[in-house]
Amino acid sequence: MTEIISEMLQERLKKLEEIKQAGINPYGGKFLRSHALDAKMEVGNRVSVAGRIKQLRGHGKTAFADLKDEKGKIQIYVSFDSLGEEQGNLFRKLDIGDFLGVEGEIFLTRTGEMTVKVEKFTLLSKSLRPLPEKWKGLKDVETRYRQRYLDLISNEEVKELFHLRSRLIRELREWLDKKGFLEVETPILQSVPGGAAGKPFKTYQDTLEMDLYLRIAPELYLKRLLVGGFEKIYELNRSFRNEGISTRHNPEFTMLEVYEAYADYEDMMNLVEELIVHLAEKLLGKKKIVYQGKEVDLTPPWKRLTFRQAMQDLYGVDIEEEDIKKLTDKLRSAGIKVEGNEVTRTGLVRLLERSLSATSPSPTFIIDYPAFLCPLAKKKNEKVAERFELFVAGCELANAYSELNDPLEQRERLKIQKGEEGEDGHLPDEDFVRALEYGMPPAGGLGLGIDRLIMLFTNSPSIRDVILFPQLRQGKNL
RNA sequence: GCCCCUAUAGCUCAGUUGGGAGAGCACCUGACUCUUAAUCAGGGUGUCCCAGGUUCGAGCCCUGGUGGGGGCACCA
């Protein structure tokens with residue numbers, strides 16, 4: 001394998017050497033373009049354009065090539081007679097993949113194609129490795145993820161997907177800004193990782209001589225800001241979880257967290273519904289979409305179902321009045337497989353994901369979770385917390401609650417949690433609790449999985465398809 | 001961590017029952033003054049993922065490993 005690469009490399013290295021011998025720099029600098037390749041050009045225009053050679057068709061004394069930039073492509077035509085010896089010799093050493101700047105006049109070929117008649121060209125970058133095949137492109141999933149640049153070069157729809165990702169994030173900011181939310185940034189390196197379940201990545205700061213963790217969520221810092229007097233804030237955050245990797249989980253992922261003082265989880269339900277509908281209309285131009293063969297209708301209002309009712313409907317289990325052990329027993333006696341000693345929150349989420357994807361792929365809010373599963377949420381009553389999760393097409397997309405602002409209760413519930421949690425740096429965050437002791441206004445808080453939302457909008461089966469450089473195991477040495 | 005699938009040329013892929021490693025594109029040599037998946041003539045460029053094993057003989061069968069994909073588990 002390396003043998004043949006080096007043979008193809010050899011060929012091009014030889015050309016590169018010859019170009020240098022001729023006193024030409026194969027890696028040119030700034031090149032002034034008159035037009036991007038999606039621009040309107042007319043016959044007779046003198047243009048100066050640049051791009052990568054995608055195809056090359058020699059015809060003896062002439063040649064055609066297709067030049068491509070980010071926006072589009074154009075054909076160029078070379079007549080060696082009129083190009084002169086030096087430029088002619090250089091042109092014959094060009095390959096598919098090279099970057100070129102050309103100057104010349106636009107004309108129409110016999111078949112009517114808009115073409116630049118090259119009067120002068122500049123080699124802007126010599127390519128040493130062959131590009132993926134022109135017709136079938138690059139399919140190998142591993143290469144597509146590992147060498148995303150090749151994927152972007154050969155698969156136009158991938159580039160479009162990431163354009164959409166970028167537009168979505170811009171729209172989302174604009175929408176929140178218009179609603180009066182302030183964008184803030186909080187620490188990624190935290191000494192006490194909190195605000196979610198999940199195992200953190202651990203690291204170390206030399207000067208301070210202290211252990212630090214990459215955040216698993218920004219939640220506890222954002223709530224400190226509520227204490228500080230900000231009333232409507234959000235953070236578009238990269239968070240990190242040191243756990244299993246799957247079609248829905250990348251170790252680093254993008255999330256939106258929103259907090260609004262004097263609001264509650266009902267307001268968050270309305271907010272996330274309005275936001276997602278807005279994004280769908282703006283970016284997709286429709287409210288009915290198809291995800292992996294399933295019809296998803298985003299038309300509001302979305303279905304709301306209490307957790308108790310959902311478990312009743314889906315499994316015939318009444319979970320009211322239960323603690324976690326009784327709940328586990330009930331699920332088991334209803335014939336539901338529960339691994340381990342007792343069911344976990346995620347176990348329940350997985351159950352809901354599977355059942356809801358079959359029965360109702362359209363958005364469904366599951367509301368009012370058992371309180372023991374929600375240590376940071378305000379209780380509605382003894383058994384139930386004011387929390388919801390949003391499921392769309394069998395995927396947990398958002399999670400929100402009325403924030404618990406009673407410091408004494410918060411300390412107790414984190415302690416209980418810590419007891420259940422055991423090791424792993426999951427101590428209660430004392431400074432966070434202290435902040436609550438100064439007083440935090442009641443608030444609604446929301447977390448929304450941005451990668452997953454983009455999966456939904458782009459009909460992508462895997463989270464790796466919507467992250468430019470997804471995490472993979474270390475491959476072979478190059 | 002467990003289970004299933006998968007790995008052949010730069011790319012996309014074929015490879016029969018275990019018997020000479022192939023095709024298209026790309027690439028190389030030559031021809032060609034409007035082609036556009038240019039065409040024509042010639043050329044195969046390979047650690048069949050890795051390491052063992054069975055066999056007279058392994059791309060193919062067996063065992064172990066590695067990468068990738070999917071599922072399960074884990075993810076207050």
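The sequence lines fix the lettering, A, B, ..., with proteins before strands; numbering per chain opens at 1. The figures here come from the full heavy-atom set of this structure, side chains too, leaving out hydrogens, waters and symmetry mates. Values in this document were obtained by computation on a predicted structure and should not be read as measured data.
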Parallel, tilted or perpendicular: ring planes of A:Tyr77 versus A:Phe64, cut at 30 and 60 degrees: tilted

Side chains of A:Glu219 and A:Tyr221, donor plus acceptor under 3.5 Å: no

Touch class at under 4.0 angstrom, heavy-atom based, for A:Phe80 against every strand present: nothing

Side-chain donor/acceptor contact of A:Glu113 with base of B:rU35 under 3.5 Å: no

Touch class at under 4.0 angstrom, heavy-atom based, for A:Leu376 against every strand present: base

Which nucleotide in B:rU33, B:rG68, B:rU35 has an atom nearest any side-chain atom of A:Asp81: B:rU33

Close side-chain approach of A:Leu214 and A:Leu189, heavy atoms under 4.5 Å: yes

Sugar-phosphate only, base, or nothing, as touched by A:Gly137 at under 4.0 Å among non-hydrogen atoms: sugar-phosphate

Donor-acceptor pair present, A:Thr109 side chain and B:rU35 base, under 3.5 Å: yes

Polar-atom pairs under 3.5 Å, protein N or O versus N or O of nucleotides 25-29 of chain B: list them with distances, or write none.
| residue | atom | partner | partner atom | Å |
| --- | --- | --- | --- | --- |
| B:rC25 | O2' | A:Glu133 | OE2 | 3.3 |
| B:rA26 | OP1 | A:Lys134 | NZ | 3.0 |
| B:rC28 | OP1 | A:Lys15 | NZ | 3.0 |

Sugar-phosphate only, base, or nothing, as touched by A:Phe107 at under 4.0 Å among non-hydrogen atoms: base

Identity of whatever pairs with B:rG1 - Watson-Crick or G-U, under 3.5 angstrom: B:rC72

Most 5' of A:Gln471 and A:Gly195 on RNA chain B, judged by nearest nucleotide: A:Gln471

Sugar-phosphate only, base, or nothing, as touched by A:Asp66 at under 4.0 Å among non-hydrogen atoms: nothing

Sugar-phosphate, base or nothing in reach of A:Thr247, heavy atoms under 4.0 Å: sugar-phosphate

Nearest-nucleotide pick for A:Gln55, side chain only, options being B:rU35, B:rG69, B:rA37: B:rA37

Whichever of A:Arg473 and A:Arg241 has its nearest RNA chain B nucleotide further upstream toward 5': A:Arg473

Any side-chain heavy-atom pair of A:Leu404 and A:Arg413 under 4.5 Å: yes

